[in-house]
Amino acid sequence: MAKKYYVVWKGRQAGIFTTWDDCKAQVDGFAGARYKSFPTKEEAEKAFGKPANKVIFNAAKGPKKSHAGGKNKLQKVPLNDETIAAMPYEYKLYTDGASEPNPGEAGSGVAVYHQNQLTELWYGIYEPVGTNNSAELHALNQALMMAKPLLAQDKSVAIYSDSSYSIQCITTWAKGWKAKGWKKSSGEIKNLELIQSMFALYQEMESQLKIYHVNGHVGVEGNELADRMSILAIEAKETQFAKYNQPLDIEEILALRRG
């Protein structure tokens with residue numbers, strides 16, 4: 001029998017698996033599971049959006065260990081699709097930004113989920129010369145603006161970003177920078193005007209809004225979709241923040257070029 005590679009986008013553990021038994025262990029009985037078999041590793045990698053040698057899993061042993069730097073370490077993923085799905089928020093907004101190169105052309109993306117179902121994708125804020133950090137901030141800013149009217153309607157909202165920098169800027173560092181006249185001892189505050197605007201908006205919602213960090217490119221569906229939107233923003237050179245008007249075919253979207 002020819003060898004197959006099984007891509008699990010949504011299950012107990014997202015990744016690329018080399019046996020049906022391992023794949024089945026992730027999706028059997030898992031609500032909303034999404035998976036598909038591929039005849040070659042290359043096709044599986046393209047569909048999942050990450051090199052197979054970094055994401056192939058064995059259900060009994062967990063992720064293969066990385067040998068980078070001569071050390072064997074398992075990456076700890078703080079949140080995955082299953083744990084996020086269990087969180088009691090009506091709306092879950094995923095943000096991501098990309099720059100090619102860095103600095104270079106930059107764009108931002110947001111994926112919107114209502115009751116754990118994908119409802120909207122957004123992309124844009126193209127910058128001819130931006131950075132990963134500016135793109136991540138712009139994506140988070142758009143999510144903050146989306147969250148405000150939802151919270152005003154007493155909806156529960158959480159935002160998920162893979163940018164520790166962006167989260168820290170708004171939830172932690174900005175308070176100190178503002179107290180010191182928007183200055184810091186180590187030099188200029190990059191992206192200052194954007195951060196000031198975002199911090200003012202965040203303060204209006206701070207008591208109601210939760211912002212979480214997720215690891216990028218570990219198979220968290222919303223994060224992966226936001227990533228694809230950030231690349232689409234660059235390719236389309238979309239300066240506004242535009243709604244993705246194609247069918248929300250998650251598998252097809254995940255097969256798009258990743259950041």
Hey, does Met229 have a side-chain heavy atom less than 4.5 Å from the side chain of Ile253? yes
Taken in chain and number order and not counting sequence neighbours, the residues that satisfy side chain to side chain donor-acceptor pair (under 3.5 Å) with Ser166 are Ser163
Under the side chain to side chain donor-acceptor pair (under 3.5 Å) test, residues paired with Asn116 that sit two or more places apart: Lys92
Test of understanding: with salt bridge (Lys or Arg N to Asp or Glu O under 4.0 Å), list the residues that count as partners of Glu204, not counting sequence neighbours. Lys148
Which pairs pass salt bridge (Lys or Arg N to Asp or Glu O under 4.0 Å) with one or both residues in residues 179-189, sequence neighbours excluded? none
Taking atom NE2 of His138 and atom CG of Asn133, what is their separation to the nearest 0.5 Å? 11.5 Å
By the ring pair (Phe, Tyr, Trp, His ring centres under 6.0 Å) test, which pairs, at least two apart or in different chains, include something from residues 90-117? Tyr91-His114, Tyr94-Tyr113, Tyr94-Tyr160
Let me confirm one number: the CD1-CG distance from Ile84 to Leu79, rounded to the nearest 0.5 Å. 5.0 Å
Apply salt bridge (Lys or Arg N to Asp or Glu O under 4.0 Å) to residues Lys46 and Glu42 and explain how you reach the verdict. CA-CA 6 Å; Lys46 182 178 180 181; Glu42 289 72 24; over 6 Å; no
Examine the side chains of Ser164 and Gln168 and answer whether a donor and an acceptor come within less than 3.5 Å of each other. no
Got a sec, which residues hit salt bridge (Lys or Arg N to Asp or Glu O under 4.0 Å) with Glu235, two or more places apart in sequence or on another chain? Arg257
Quick one: list whatever passes side-chain contact (heavy atoms from CB on, under 4.5 Å) with Glu252, sequence neighbours left out. Asp249
For Glu120, which residues count as a side-chain contact (heavy atoms from CB on, under 4.5 Å) partner, sequence neighbours excluded? Val112, Trp122, Lys243
Which residues satisfy the side-chain contact (heavy atoms from CB on, under 4.5 Å) test with Lys237, sequence neighbours excluded? Glu105, Tyr126
Side-chain heavy atoms of Leu254 within contact of Leu225, under 4.5 Å: yes
Counterpart residues, side-chain contact (heavy atoms from CB on, under 4.5 Å), relative to Ser134 (two or more places apart): Glu127, Thr131, Asn191
With sequence neighbours excluded, what pairs up with Glu221 under the salt bridge (Lys or Arg N to Asp or Glu O under 4.0 Å) test? Arg34
Interatomic spacing from CD1 in Ile211 to CG in Leu144 - rounded to 0.5 Å: 5.5 Å
Go through the structure and list residues passing side chain to side chain donor-acceptor pair (under 3.5 Å) with Tyr202, not counting sequence neighbours. none
Quick one, Trp173 and Phe199 - any side-chain contact, counting heavy atoms below 4.5 Å? no
State whether the number of non-hydrogen atoms from other residues, nucleotides or ligands found under 6.0 Å of Glu193 atom CD is greater than 12. no
